[in-house]
Amino acid sequence: QVQLAESGGGLVQPGGSLNLSCTASERMFYMNAMGWFRQVPGKERVFVAQISWTADKAQYAPFVKGRFTISKDFDKNMVFLAMTDLEPGDTAVYYCAPIDYRYQTPMFDVWGQGTQVIVSA
């Protein structure tokens, strides 16, 4: 099964920026998109952004409000999330996963270790 590795999280002040990276061990033909999710303790994992592997299209959760940009490196099976103007409400563990682009839901219940983002003064 696909293995996922996220990195790039850290502690940042409000208004700051972070760049997250995700590497997938493989890209099967049915994995047509990748997404970023985030989770805070005691709450469900929620959709943040998604990008098609093969088409020039991406979508974002409403709370992103133009602050995040998702991108990809098709040849390296990597997906990125550039986050700017971070707010304390963005504090969470961020995960990447193969996603069903139609429904913004993960294709499998397979997750990496995630990368912690803390936005605090």
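The residues of the chain are indexed from 1 along the displayed sequence.
- Between the T115 side chain and the G9 main chain, a donor and an acceptor come within less than 3.5 Å of each other.
- In this structure, K72 is not positioned above the aromatic face of F80 in the sense of NZ or CZ being under 6.0 Å from the six-membered ring centre and within 45° of the axis.
- Here W111 is tied into one hydrophobic group with F37, F47, V93, Y95, I99, each link being a pair of ILVMFWY side chains closer than 4.5 Å.
- In this structure, Q1 places its CD atom where only 12 or fewer heavy-atom neighbours from other residues, nucleotides or ligands lie under 6.0 Å away.
- With rounding to the nearest 0.5 angstrom, the CG atom of L11 is 10.0 Å from the CD atom of Q116.
- Going from atom CG of D73 over to atom SG of C22 covers 12.0 Å, rounded to the nearest 0.5 Å.
- Of all the heavy atoms in V117 and D90, the pair that sits closest is CG1-O, 4.2 Å.
- Rounded to the nearest 0.5 Å, atoms CG (L20) and CD (E6) are 9.0 Å apart.
- For the pair S25 (side chain) and Q3 (backbone), a donor-acceptor distance under 3.5 Å is present.
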Step by step, would you call N32 with W53 a side-chain contact (heavy atoms from CB on, under 4.5 Å)?
CA-CA 6 Å; N32 59 6; W53 276 123; 5.7 Å; no
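- Separating the CE atom in M34 from the SG atom in C96 is a distance of 4.5 Å, to the nearest 0.5 Å.
- Remark: L81 CG to R38 CZ distance equals 9.5 Å, nearest 0.5 Å.
- Pairing each heavy atom of D100 with each of Q50, the nearest pair is O-OE1, 3.9 Å.
- A donor-acceptor pair under 3.5 Å is absent between the side-chain atoms of Y60 and the main chain of R67, judged by distance alone.
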Check against side chain to side chain donor-acceptor pair (under 3.5 Å), Q59 and Q104
CA-CA 9 Å; Q59 288 184 333; Q104 301 177 348; 3.1 Å; yes
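- Salt bridge K65/E87: present, at least one basic N to carboxylate O contact under 4.0 Å.
- One finds the CZ atom of F68 at 9.5 Å from the OG atom of S17 (value rounded to the nearest 0.5 Å).
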